[in-house]
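Notes for the one structure printed next.
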Amino acid sequence: MPSLKKNGNSERVLPKHIAIIMDGNGRWAKKRHLPRTAGHAAGSKTFKDIARYCNKIGIEYLTVYAFSTENWKRPQQEINNIMNILRDYLKDTENFKGENIKLEFIGDRTPLDDDIKVLMQKAEKDSENATGLHLNIALNYGGRDEIVHAVKDIINEGIKPEEITEQLISDHLYTSGQPDPDFIIRPSGEYRLSNYLIWQSAYAEYWFSDILWPDFNYKHLEKALDDFNKRNRRYGGI
């Protein structure tokens, strides 16, 4: 269940798990007559700020969409830039050890460069005992691809069809052992899920905004959380 947190003199319900589609970096740069690389750099800073704020206010899980399985279709130069930003972030995680954030990467690591895989493993290992925010970074991630991987694993384990349940499938997803997201946020003016956490989002609440991701800040997140508190979540009931 979502947790109750103090908000001034009253209590409010915080989602246990927030998922964010970090969208609009390229358009942010274009509006300023800057290269797309500048947009990705600005978006990376926003990501760090929002993750820290979520940890500060007591959000338990945050999942961010960093690079999708479809993003390989982008120009190679842009892909290289995104991967270099990722490298810089991973090398910089040493400076965030005191923030008590547990880092985990979800997605298919197979096509990633070996040095990135090593840095990812080190970042996860270094933060594995953190008890604050559990931060998932979805990298080379696709919701349909995740389900395909889960089905293959189930088949390889020799599990009989009659033994397959929703819980069994959930247990074979990248987010195994984690609660499904309560709240999915997408800035940038787009109104679609874009193959993101499509199994896990079955009962999530959504919040859309025209704000481009690099301009998103804690005030926007607070507005989204206020809207979340006005929702009546019935899960199919009355």
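- Ala51 and Leu133 make their closest contact through O-CD2, 3.4 Å (heavy atoms, listed as atom of the first residue, atom of the second, distance).
- Separation of atoms CD1 (Ile198) and CG (Leu193) is listed at 7.5 Å; rounding is to 0.5 Å.
- Using modelled atom types, one finds a donor on one side chain and an acceptor on the other under 3.5 Å when comparing Asn84 with Arg87.
- The closest side-chain donor-acceptor pair between Asn71 and Glu78, if any, does not fall under 3.5 angstrom.
- Between Trp199 and Ser170, the side chains place a donor N or O and an acceptor N or O closer than 3.5 Å (distance only, hydrogens not considered).
- No hydrogens or angles considered: nothing links the side chains of Trp213 and Asn25 as a donor-acceptor pair under 3.5 Å.
- For the residue pair Arg144 and Thr69, no side-chain donor N or O sits within less than 3.5 Å of a side-chain acceptor on the partner.
- The minimum heavy-atom distance linking Pro179 with Lys16 is given by the pair CG-CD, 3.5 Å.
- The two residues Gly189 and Asp210 come nearest to each other via the heavy atoms CA-OD1, 3.4 Å.
- In summary, the side chains of Thr131 and Asn100 do present a donor paired with an acceptor at a separation below 3.5 Å, with no hydrogens or angles considered.
- Considering only residues two or more places apart in sequence or on other chains, His220 meets the ring pair (Phe, Tyr, Trp, His ring centres under 6.0 Å) condition with Phe216.
- Note on ring orientation: taking the six-membered ring where Trp is involved, the planes of Phe183 and Phe228 are tilted (angle from 30° to 60°).
- When only modelled atom types and interatomic distance are considered, Glu146 and Gln200 share a side-chain donor-acceptor pair under 3.5 Å.
- Neither side chain, Asn55 nor Glu99, offers a donor N or O lying under 3.5 Å from an acceptor on the other.
- Residues Phe67 and Trp72 bring their aromatic ring centres within 6.0 Å.
- Looking only at atom types and distance, the side chain of Asn81 has no donor-acceptor partner in the side chain of Gln77 under 3.5 Å away.
- Taking the six-membered ring where the residue is Trp, Tyr141 and Tyr196 present perpendicular rings, their angle passing 60° and hence far from 30°.
- Trp28 and Val64 are members of different hydrophobic clusters when ILVMFWY side chains are connected at heavy-atom separations under 4.5 Å.
- Remark: the Tyr53 side chain and the Glu222 side chain contain an N/O donor-acceptor pair separated by less than 3.5 Å.
- Using a 4.5 Å cut-off on side-chain heavy atoms (C-beta onward), Tyr174 and Asp145 make contact.
- Between the side chains of Glu104 and His134, a donor-acceptor pair is found at a separation under 3.5 Å.
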